2 protein chains.
Amino acid sequence: MADHAHLDGPALTRNQQTVLTALKGADKPLTAYDVLGLPAIRKAGMKAPLTIYRALDKLMDRGLVHRIESLNAFVHCDHGPHDHATGFLICTDCGRTLEVHLESCETHLAGRAREQGFAVDNVRVEMTGRCPECAARAAAS
Amino acid sequence: MADHAHLDGPALTRNQQTVLTALKGADKPLTAYDVLGLPAIRKAGMKAPLTIYRALDKLMDRGLVHRIESLNAFVHCDHGPHDHATGFLICTDCGRTLEVHLESCETHLAGRAREQGFAVDNVRVEMTGRCPECAARAAAS
DNA sequence: CCACAAACGTTATTTTATAACATTTTTGGA
DNA sequence: TCCAAAAATGTTATAAAATAACGTTTGTGG
């Protein structure tokens with residue numbers, strides 16, 4: 001689970017920095033094509049899907065970006081470096097996500113795997129539901 | 001989390017039964033297009049992707065099939081009806097998966113969500129690693 | 001400065017999933 | 001039984017997500 005790739009390695013390239021900034025500026029996960037469509041991205045001269053995917057791959061290697069599997073989307077990692085598994089709370093109303101860390105739960109999950117003789121090297125958790133804002137809005141109506 | 005849709009509802013249609021049987025016969029998760037390519041499927045007269053997706057959707061509604069998000073693939077649920085969250089152990093060597101139930105962990109995960117004011121209605125866990133067989137084979141070489 | 005590796009650009013293609021619309025089948029009353 | 005509504009299906013086309021292949025540029029260490 002540990003990599004800390006984001007602590008070392010070369011500086012981000014211009015494309016990588018541009019994509020990371022785009023994700024930081026978004027209030028929810030973006031697909032690669034969402035990113036591609038952003039004005040800031042076009043201004044930077046990025047115009048092919050592959051350009052975006054390449055930048056995203058590097059950013060994920062460094063732990064600066066996470067992929068939300070169930071959305072085919074990418075989100076900036078708003079926590080610092082971390083060794084433990086990450087979970088995502090995905091609001092089915094507004095599409096925003098919240099990252100939660102699973103220090104204690106990871107041990108449990110990996111333990112369930114070990115019971116099966118399975119050597120886990122990566123744990124991903126995605127939970128769907130309603131965020132506080134959307135729950136409140138739904139209750140009000 | 002509770003649905004038990006598989007306990008009631010109408011009988012499976014021919015298409016649904018055919019797809020379910022195909023997944024039961026596979027030793028690993030299959031993509032919709034993998035399913036589409038199976039001889040048994042073609043023999044049953046199913047030849048369009050949408051036909052497969054429609055059957056898969058219904059089977060998932062009933063909890064008879066699960067989708068592995070990180071593989072874009074579908075697997076037969078080899079456990080009986082269950083209310084609690086399911087996790088998957090995915091072998092990165094052979095591609096086979098193992099389903100594990102997360103009775104105790106789900107409470108913990110949902111609790112972490114509730115801390116954030118988030119009302120969870122679905123939890124998905126996917127863990128990658130090496131299955132016992134592949135780990136043994138790797139150790140032997 | 002040069003050689004190598006990494007990143008990038010470009011075009012085409014593959015893989016995964018859904019839209020739109022007509023037809024058939026099933027099912028639950030009248 | 002028969003009919004109407006709902007569910008499922010067939011068919012064609014298209015959208016959405018991701019990668020392949022290949023050449024060029026950039027950056028970095030020796």
Side-chain angles (χ1 to χ4, degrees), chain A residues 5-6 8-23 26 28-38 40-62 64-75 90 92 95 124 126, chain B residues 5-6 8-23 26 28-38 40-62 64-75 90 92 95 124 126:
Chain A
H6 44 288
D8 42 58
L12 293 180
T13 66
R14 181 170 135 81
N15 280 357
Q16 289 160 16
Q17 187 61 62
T18 304
V19 169
L20 182 58
T21 300
L23 289 180
K28 63 169 83 166
L30 301 180
T31 68
Y33 286 80
D34 287 339
V35 173
L36 186 60
L38 295 172
I41 294 289
R42 312 316 295 248
K43 264 178 211 139
M46 303 171 80
K47 47 188 174 182
L50 191 46
T51 307
I52 309 298
Y53 281 108
R54 287 203 273 229
L56 288 170
D57 283 346
K58 294 299 174 190
L59 292 169
M60 284 193 293
D61 285 349
R62 290 171 175 241
L64 298 172
V65 162
H66 294 297
R67 176 182 166 80
I68 313 284
E69 297 290 347
S70 59
L71 298 176
N72 295 327
F74 303 85
V75 66
I90 305 166
T92 48
R124 272 156 296 159
E126 297 183 12
Chain B
H6 43 288
D8 42 59
L12 294 180
T13 65
R14 181 169 135 80
N15 280 357
Q16 289 160 15
Q17 187 61 63
T18 303
V19 170
L20 182 58
T21 301
L23 289 180
K28 64 170 82 166
L30 300 180
T31 68
Y33 285 81
D34 287 339
V35 172
L36 186 59
L38 296 172
I41 294 290
R42 312 315 294 248
K43 264 178 211 139
M46 302 172 80
K47 47 189 174 183
L50 191 47
T51 307
I52 308 298
Y53 281 109
R54 287 203 273 228
L56 288 169
D57 283 346
K58 293 300 175 188
L59 292 168
M60 285 193 292
D61 285 349
R62 291 171 174 241
L64 298 173
V65 162
H66 293 297
R67 177 182 165 82
I68 314 285
E69 298 291 347
S70 60
L71 299 177
N72 295 328
F74 303 85
V75 67
I90 305 166
T92 49
R124 275 156 294 157
E126 298 183 12

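Note on naming: letters A, B, ... go to the chains in the order of the sequence lines (proteins, then strands), and numbering restarts at 1 for each one. Atoms considered below: every heavy atom in the structure, side chains included; atoms not considered: hydrogens, waters and symmetry mates. Small disclaimer: the values here were computed from a predicted structure and weren't measured.
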Distance, rounded to the nearest Å, where [X] contributes [atom1] and [N] contributes [atom2]:
X       : N      : atom1 : atom2 : result
A/Ile52 : D/dT19 : CD1   : C1'   : 15 Å
A/Lys58 : C/dA6  : NZ    : P     : 8 Å
A/Leu71 : C/dT16 : CG    : C1'   : 16 Å
A/Glu69 : D/dA17 : CD    : P     : 14 Å
B/Met46 : D/dT11 : CE    : P     : 12 Å
B/Gln17 : C/dT25 : CD    : P     : 19 Å
A/Leu30 : D/dA17 : CG    : P     : 12 Å
B/Arg54 : C/dC21 : CZ    : C1'   : 11 Å

Any side-chain donor-acceptor pair under 3.5 Å between B/Thr31 and B/Asp34? yes
If you look at every strand shown and take non-hydrogen atoms under 4.0 Å, does B/Ala32 touch a base, only sugar-phosphate, or nothing? nothing
Any side-chain N or O of [X] less than 4.0 Å from the OP1 or OP2 oxygen of [N]?
X       : N      : value
A/Asn72 : D/dA18 : yes
B/Thr31 : C/dT15 : no
B/Thr13 : C/dT25 : no
A/Lys47 : C/dT10 : yes

[X] versus [Y], closest heavy-atom pair with distance:
X       : Y       : answer
A/Arg14 : A/Ala44 : NH2-O, 3.1 Å
B/Leu59 : B/Gln16 : CD1-O, 3.6 Å
B/Ala32 : B/Leu56 : CB-CD1, 4.1 Å
A/Met60 : A/His66 : SD-C, 4.4 Å

Please determine whether any donor N or O and acceptor N or O are separated by less than 3.5 Å between the side chain of A/Tyr33 and the base of D/dA15. no
With the side chain of [X] defined as its heavy atoms from C-beta on, choose the nearest nucleotide among [options].
X       : options               : answer
A/Gln16 : C/dC8, C/dT18, D/dT9  : C/dC8
A/Tyr53 : D/dA17, D/dA8, C/dA20 : D/dA17
B/Arg67 : C/dA17, C/dG9, C/dA19 : C/dA17

Mapping B/Leu50 and B/Ala11 onto DNA chain C by nearest heavy atom, which one lands closer to the 5' end? B/Leu50
